[in-house]
Structures are given as structure tokens and as C-alpha cells.
Amino acid sequence: MKVLKFGGTSVGSAQNMQNVAKLVTTPGRKIVVLSAMSGTTNNLVEIANYLYKKNYDGANEVINRLERGYLDTVNELFSGEEFRIKGLELVKSHFDYIKSFTRDVFTVFEEKAILAQGELITTALFNFYLQENGHDSVLLPALDFMRTNKNSEPDTGYIKENLERILSEYSETQLFITQGYICRNAFGEVDNLQRGGSDYTASLIGAAVDAEEIQIWTDIDGMHNNDPRYVENTRSIAEMSFDEAAELAYFGAKILHPTSVLPAKLANIPVKILNTMQPDAPGTTISSSQHKNRLTAVAAKDNITAVKIKSGRMLLAYGFLRKVFEIFESYKTSIDMITTSEVGVSVTIDNDRHLEEIVDDLRKFSTVEVDRDQVIVCVVGDLVAENKGYANRIFEALKEIPIRMISYGGSEHNISLLINAKDKKDALQALSAKLF
Ligand code: ASP
Ligand code: MG
């Protein structure tokens with residue numbers, strides 16, 4: 001069994017869906033995971049925000065616009081009357097449901113029910129299209145097997161048990177279609193795996209069915225060795241390890257959702273990143289094989305805030321870092337990078353929602369400085385200590401760029417540097433020129 005996930009752009013129009021249908025109707029047993037058509041989830045978030053504010057006109061305007069888009073897609077997608085009518089009725093029933101929320105109380109439960117509609121509509125339309133074209137595909141409702149536990153983490157035991165049970169009812173079926181992103185929570189309510197979570201769905205399903213391969217189909221030919229928006233002549237990396245992929249996914253390479261690496265790694269299932277627009281390109285294969293003696297890629301993460309905490313009391317004291325970390329923890333703010341000296345510590349955060357309170361608390365026992373508009377540049381590769389000279393090449397490349405923090409040795413495949421946002425483009429270009 002293979003698991004193939006297609007993102008919102010890959011199914012973003014009738015024509016693109018027809019294209020995806022060609023890619024999934026090749027021989028072999030498959031579970032196809034789809035995101036909602038591109039833009040849908042953003043629109044659903046917008047609708048929910050209007051409904052929270054009881055702005056029904058605002059909500060209706062977005063609902064009607066989105067519904068019209070889906071009706072147009074249906075008219076283009078199907079060639080015969082039977083499925084065209086089925087499609088129109090399906091879209092209408094989901095939008096009637098969304099519209100029903102403009103008359104009632106609106107809470108987080110209703111919001112999650114609305115957010116689930118995009119994937120539900122998109123997969124149902126796609127499955128109708130396959131059926132219209134004579135394929136024996138089965139639509140698997142993700143809400144019947146995808147589940148999170150009381151800690152909002154995937155309930156992998158539940159997922160495996162229920163998915164296996166459902167699949168065993170269709171032992172002859174070769175092609176299954178299901179929704180990415182959506183799930184039920186520990187209380188059985190409709191929920192989701194957070195924005196961009198369809199990759200996570202694919203990885204969890206891959207692990208649950210012990211797939212031979214997980215394919216993430218997107219609109220670029222794999223993970224590149226630098227950010228193509230800032231650097232010319234980047235190239236796709238043929239192979240990388242799960243650890244390298246996890247660092248790159250977290251530090252800015254927006255191709256694969258960071259959460260999706262772990263389930264595949266634990267189950268040791270290779271993940272391929274492939275391009276819907278160029279299906280024959282080799283893409284990137286992520287697996288447990290390690291790649292020695294190379295620097296693999298550079299990525300950058302924007303909107304980072306650095307907090308420098310200095311205190312005479314840190315000198316020769318123990319428990320100082322614990323006090324610092326507890327403050328960030330109490331505001332549910334995670335720390336990404338950290339560097340220390342004997343009299344101070346600098347940390348970075350990518351979520352500054354509680355920055356003011358955090359700084360207030362830190363100032364009770366230390367001097368605090370905050371730098372906004374920072375960027376983490378991360379170099380990923382075989383950076384074990386024995387590999388002499390790699391750090392030198394990185395610093396040589398960046399010799400004209402002011403560096404605010406350096407983190408090395410946290411893992412064996414990453415050096416992270418904190419720089420000003422305005423130097424990002426120069427830094428990425430210089431690194432590409434010197435390293436690749
Ligand atoms: N449709 C969801 C989103 O836009 C999930 C996904 O695309 O992965 O966040
Ligand atoms: Mg995505």
C-alpha cells in the first residue's frame with residue numbers, strides 16, 4: 001500500500017483534479033489524502049471570524065463567494081449530467097450546513113465543524129469524478145478513524161485499529177480517497193490537526209497501515225538546497241535523512257509540515273516529495289539513510305524575536321535557566337534557539353503573543369533586551385564534530401553579515417544563526433555561493 005497526499009494547489013481547480021486523477025489511477029493499492037481546494041480553509045476561517053463577531057452579512061458574502069467557486073468547479077469537472085447533478089447537490093448540502101451557523105450560537109465547536117467542510121467537499125467531488133470515469137474508488141471518512149487523545153496528540157492506537165477494520169471491509173478495493181487535516185478529538189467532536197495538517201494525516205495513515213511509501217505531492221520538484229524565492233539556481237535534493245528533513249521543515253522550507261516527519265521516521269517509511277506539475281521529476285526521497293560528508297541545504301525562518309536575559313545572579317548559580325524556562329512555559333511560548341554565557345542567556349521565540357508579560361516577569365530578576373525582526377538561518381548537513389572545516393566555510397560565507405546568535409552542537413546535522421531580517425537575502429545568497 002502507498003499513501004499519496006495532494007495539497008490544495010494540486011486539487012485547486014477542475015483541471016488540476018483531473019490531472020491528479022490520472023496520477024492516482026495507476027496500478028497498485030493506494031490511499032489518497034487530499035487537502036481542501038486552495039484558498040478554501042482561509043475562507044472558512046474568515047467565515048468563522050465573521051460569525052464570532054455576529055457579522056452575518058460579512059459571513060454570507062464569503063460563504064456565497066466560496067459556494068459559487070465550488071459550483072463552477074462542479075460544472076467544469078464532470079462531463080455527464082448524472083454526476084454533475086450529484087456534485088451540485090453535494091456542494092449545496094455542505095453550504096446549507098455552513099449557512100445554518102449564521103442562525104445559532106457560535107463557539108469553537110461550530111468553528112471546527114465549519115473548518116472541516118473544505119476537505120469533505122473536495123474529497124467527495126474528487127471521488128465522484130473517479131466514479132464518473134469508471135474507477136472503483138472508495139471514500140474513507142477520516143472522521144471515522146482519525147482521532148486525537150486528551151493531549152491533542154494523534155491517538156495512533158485508535159487510528160491503526162479503526163483504519164485496519166475499515167480497510168478489511170474492502171479487501172478487493174485498490175483506491176481509497178480520504179480527507180487530510182480533519183479528525184475527531186478525545187471527546188468525539190469534529191476537530192483538526194492544525195493548519196497545514198494534511199501532510200501529518202498522510203504520515204499518520206502511512207504509519208498506521210505500514211505503507212511501503214508516503215508521497216507528498218506539491219507544486220515544486222522536491223526540497224531545494226536553498227530558498228528559490230531569494231536565491232537563483234537552487235536545486236532539488238535527491239535524498240535526505242528524516243532528521244535533516246525535520247530540521248528543514250521546521251526552519252522554513254515550507255514544503256513539508258514539520259509534524260509529518262516523526263510518524264514516518266518512527267515507522268521507517270520513506271517519504272517522497274513530488275511535483276504534480278512535473279510528475280516524472282525524481283523529487284526528494286526522505287529516508288533513514290544518512291548522507292555523510294556533505295552540507296545538504298540552507299533554510300530561513302522569519303519573524304523571530306530574540307530575548308537577551310542578563311543577570312549577575314546567574315554567575316555560579318544553579319537553577320537560573322529553569323527559572324527562565326518556567327516563565328516561557330507559563331505563557332505556552334516555545335523557545336527555538338538558545339545560547340548561553342556565564343552572565344546571560346539569549347533565546348528566540350517565533351510567537352510573541354505573550355512577549356510583554358514574559359519580559360515583565362523576567363525583569364523581576366534580570367535585565368532584558370528584545371530584538372524583533374530577526375531571522376534564523378539554518379544550515380543542515382553532516383555536521384558531526386569530526387567533520388572539520390564545515391563551520392569555517394559557513395562563517396567565511398557570512399563574514400560581511402552581523403550575526404546575533406550561533407547555535408551548533410544541538411544536533412549532528414544543524415547550525416543555526418540569528419541575523420537581522422534585512423540581511424536575510426544576502427546571507428542566503430552568500431551561503432549558496434560558498435557551500436553548494
Ligand atoms: N486545508 C488545510 C489548510 O489549509 C490543511 C492543509 O491544507 O494541509 O490548512
Ligand atoms: Mg501544505
Side-chain angles (χ1 to χ4, degrees), residues 3-13 16-17 19-20 24 31-49 62-63 65-67 69-70 73 91 94-95 97-98 108 111-127 139-143 145-148 152-154 159 177-185 190-207 214-220 223 245-246 249-250 252-264 271-277 350-351:
V3 178
L4 287 72
K5 179 259 169 176
F6 292 84
T9 319
S10 299
V11 290
S13 66
N16 287 5
M17 283 196 208
N19 188 26
V20 170
V24 304
I31 301 179
V32 174
V33 177
L34 302 183
S35 297
M37 290 181 78
S38 53
T40 304
T41 312
N42 285 342
N43 277 311
L44 295 172
V45 169
E46 215 180 310
I47 292 164
N49 287 340
V62 186
I63 294 171
R65 188 178 354 114
L66 189 62
E67 181 174 15
Y70 272 97
T73 303
V91 170
H94 282 275
F95 279 89
Y97 180 66
I98 296 173
V108 65
E111 176 181 13
K112 284 173 173 167
I114 286 192
L115 293 186
Q117 300 308 308
E119 270 71 10
L120 289 169
I121 302 173
T122 303
T123 48
L125 290 181
F126 184 72
N127 196 46
L139 189 61
L140 297 177
L143 298 179
F145 62 86
M146 267 306 197
R147 204 179 253 257
T148 51
S152 300
E153 294 293 332
I159 296 168
I177 313 298
T178 192
Q179 302 84 25
Y181 174 61
I182 65 174
C183 64
R184 288 186 189 274
N185 60 27
V190 173
D191 209 321
N192 59 64
L193 299 172
Q194 311 286 330
R195 294 303 306 273
S198 294
D199 294 351
Y200 200 15
T201 302
S203 183
L204 291 164
I205 290 180
I214 297 162
Q215 301 179 351
I216 305 289
W217 287 82
T218 175
D219 45 14
I220 180 166
M223 293 251 231
Y250 174 73
K254 288 243 158 49
I255 297 172
L256 185 65
H257 198 270
T259 52
S260 60
V261 179
L262 188 62
V271 177
K272 274 195 180 162
I273 315 279
L274 295 163
N275 186 351
T276 322
M277 311 298 156
D350 62 8
N351 165 5

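Order of appearance sets the numbers: ligands from 1, and atoms from 1 within every ligand. Residue indices begin at 1 and follow the sequence shown.
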Is the closest N or O pair between [X] and ligand 1 shorter than 3.5 Å?
| X | result |
| --- | --- |
| R195 | yes |
| S35 | yes |
| S198 | yes |

Open item on the list: Can you tell me how far apart CD1 (I214) and CG (L256) are? Round to the nearest 0.5 Å.
Closed with: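 Taking CD1 in I214 and CG in L256, the distance rounds to 10.0 Å.
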Task: Value rounded to 0.5 Å, distance of CZ in R195 from OH in Y181 - done: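 Reported to 0.5 Å precision, the distance equals 5.5 Å.
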Open item on the list: Any side-chain to backbone donor/acceptor pair from T276 onto T218? Under 3.5 Å, distance only.
Closed with: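 Checked: pair present.
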Task: Side-chain donor or acceptor of T201 paired with backbone N/O of G180 under 3.5 Å - done: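 Checked: no pair found.
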Task: Close approach, G118 and ligand 1, non-hydrogen under 4.0 angstrom - done: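 No, that is not the case, since the closest heavy atom of the residue is not under 4.0 Å from the ligand.
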TODO: Could you tell me whether ligand 1 has any atom less than 4.0 Å away from a heavy atom of G197?
DONE: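 Yes, that is the case, since the closest heavy atom of the residue is under 4.0 Å from the ligand.
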Open item on the list: I need the minimum non-hydrogen distance between D199 and I255, along with the two atoms involved.
Closed with: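 Heavy-atom minimum between the residues: OD2-O, 3.8 Å.
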Task: ligand 1 contact on E119 by region, counting heavy-atom pairs under 4.0 Å - done: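 It is the side chain that gets close, since no backbone atom is under 4.0 Å.
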